[in-house]
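Ligands are counted one by one from 1 in listed order, and the atoms in each one are counted from 1 as well. Since the structure is predicted, the reported quantities are computational estimates derived from the model, not experimental observations.
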Amino acid sequence: MEEAVDAALQAGYRHIDTATFYCNESAIGRALKKWFDAGKLKREEVFIVTKLPNVGNRAESVEKYLKKSLEALQVSYVDLYLIHHPGGLIEKGDELTPCDDKGKVLIDTTTDHVSLWKAMEAQVDAGRTKSIGLSNFNARQVKRVVKNARILPANNQIEVHIYFQQKELVAFCRALDITVCAYGPLGSPGLIPFMKKEGLEVNKVPSVTPLTEPVVLNIAKKYKKSPAQVLLRHLIQRGIAVIPKSSNPKRIKENIDVFDFELTTDEMDDLNALDKGRRARIFNESSQPFDAHPEFPYRDFY
Ligand SMILES: NC(=O)c1ccc[n+]([C@@H]2O[C@H](COP(=O)([O-])OP(=O)(O)OC[C@H]3O[C@@H](n4cnc5c(N)ncnc54)[C@H](OP(=O)(O)O)[C@@H]3O)[C@@H](O)[C@H]2O)c1
């Protein structure tokens with residue numbers, strides 16, 4: 001992780017996306033500190049995003065988890081703090097996906113987004129985060145937060161890629177002046193291998209492969225770019241922020257080298273037409289152990 005952050009900063013990345021749930025904040029903090037200490041980077045030049053874990057989805061837990069993140073990242077504030085997922089889990093020690101003795105995930109059915117959001121707002125007031133936002137929230141959930149907010153959500157981070165374009169939710173957020181950040185912008189090719197390694201059932205995860213989509217390959221050939229670069233450019237031209245993940249220095253460089261070409265309107269139309277809708281959602285109930293939660297977001301159309 002430290003090498004990946006190093007390679008990303010060298011390549012010009014200034015947006016770092018992490019979360020308590022990823023267990024990589026300390027490594028990111030060490031990499032950033034090296035850059036700050038060497039005078040190669042100022043804190044205000046980097047945009048750090050981290051997220052409240054499901055086990056922290058209650059008003060009285062927010063401050064504790066954000067303080068832990070700041071300590072691990074070795075910074076006094078983050079730029080954006082997100083509620084990672086609408087569903088809450090019961091706290092059990094330091095576990096991030098706590099289970100009972102039969103292996104069933106301990107769901108906290110009392111999750112209330114209005115009181116949770118007030119605690120998020122208090123973190124802006126306390127100077128621990130510059131802005132606050134949501135992740136994996138559906139339109140109904142976003143609307144409820146906005147209706148009750150003093151400080152509006154700045155962002156909703158959701159799965160978006162060529163086969164699952166989320167046109168309705170993106171438009172809904174945009175109308176409320178909420179920016180959208182796409183996770184899994186390349187179609188998360190690492191997810192199924194990871195789930196298999198963890199012994200998780202992958203049958204219900206759609207096997208989408210945007211990186212080998214013929215329409216994408218043709219456009220890539222025309223511009224002498226890679227399929228990944230075309231996928232990222234498509235999202236950027238839709239006005240969506242992208243956070244591709246790579247730990248490979250060559251691909252890290254490749255994924256930011258997307259600002260020297262522009263897709264035509266016809267190419268955008270061809271790519272927009274590849275949307276398969278909800279059946280192409282990769283991070284569905286089979287990859288998320290919170291599907292029994294009353295606030296599980298993916299039952300609604302968008
Ligand atoms: N909010 C949420 O609930 C949520 C959920 C999932 C992810 N995220 C965030 O979104 C980020 C990205 O999502 P993701 O990792 O699921 O999906 P992704 O960025 O679509 O895909 C990452 C995978 O693609 C490979 N890859 C990267 N660049 C490539 C290239 N140029 N050509 C071919 N393969 C390439 C990577 O392998 P190598 O590393 O070997 O290059 C890795 O296996 C995560 O790091 C995380 O910060 C958020």
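- Applying side-chain contact (heavy atoms from CB on, under 4.5 Å) to Ile48 and the options Val78, Leu70, Thr129 leaves one that passes, Val78.
- Ligand 1 has a nitrogen or oxygen under 3.5 angstrom from a nitrogen or oxygen of Leu186.
- Residue Ser246 has at least one N or O atom closer than 3.5 Å to an N or O atom of ligand 1.
- Among all protein heavy atoms, the one lying closest to atom 28 (N) of ligand 1 is Asn255 ND2, 3.0 Å.
- Closest protein heavy atom to atom 29 (C) of ligand 1: Arg251 CD, 3.2 Å.
- Between Leu211 and ligand 1, a contact under 3.5 Å exists for no N or O pair.
- The side chain of Ala228, and not its backbone, has at least one atom closer than 4.0 Å to an atom of ligand 1 (non-hydrogen atoms only; side chain from C-beta on).
- Per-residue contacts place Asp17 under 4.0 angstrom from the following atoms of ligand 1 (heavy atoms of the residue considered): 9 (C), 46 (C), 47 (O).
- When the shell of 6.0 Å around NZ of Lys33 is examined, it contains 12 or fewer heavy atoms from other residues, nucleotides or ligands.
- In the candidate list Pro227, Gly190, Ala19, Ser247, Gly190 is nearest to atom 43 (O) of ligand 1, counting heavy atoms.
- At a 3.5 angstrom cut-off on N or O pairs, Phe283 does not count as close to ligand 1.
- For atom 10 (O) of ligand 1, the closest heavy atom belonging to the protein is Tyr183 CB, 3.2 Å.
- Contact annotation for Ser188 and ligand 1: heavy atoms of both the backbone and the side chain come within less than 4.0 Å of the ligand.
- Salt-bridge annotation for Arg144 and Asp112: present, with a side-chain N of the basic residue lying under 4.0 Å from a carboxylate O of the acidic one.
- Protein heavy atom closest to atom 25 (C) of ligand 1, with residue, atom name and distance, is Pro189 CG, 3.9 Å.
- Close approach of ligand 1 to Gln157 (heavy-atom distance below 4.0 Å) involves ligand atoms 1 (N), 2 (C), 4 (C), 8 (N), 9 (C), 48 (C).
- For the atom pair CE of Met120 and NE2 of His113, the computed distance is 11.0 Å after rounding to the nearest 0.5 Å.
- By the criterion of a heavy-atom distance under 4.0 Å, neither the backbone nor the side chain of Thr18 is placed next to ligand 1.
- Going from atom OG of Ser26 over to atom CE of Met1 covers 11.0 Å, rounded to the nearest 0.5 Å.
- At the top of the distance list for atom 11 (C) of ligand 1, counting protein heavy atoms only, stands Ile243 O, 3.2 Å.
- Ligand 1 lies out of reach of Ser226, whose nearest heavy atom is not under 4.0 Å from it.
- Given atom 44 (C) of ligand 1, the protein heavy atom at minimum distance is Lys245 CB, 4.0 Å.
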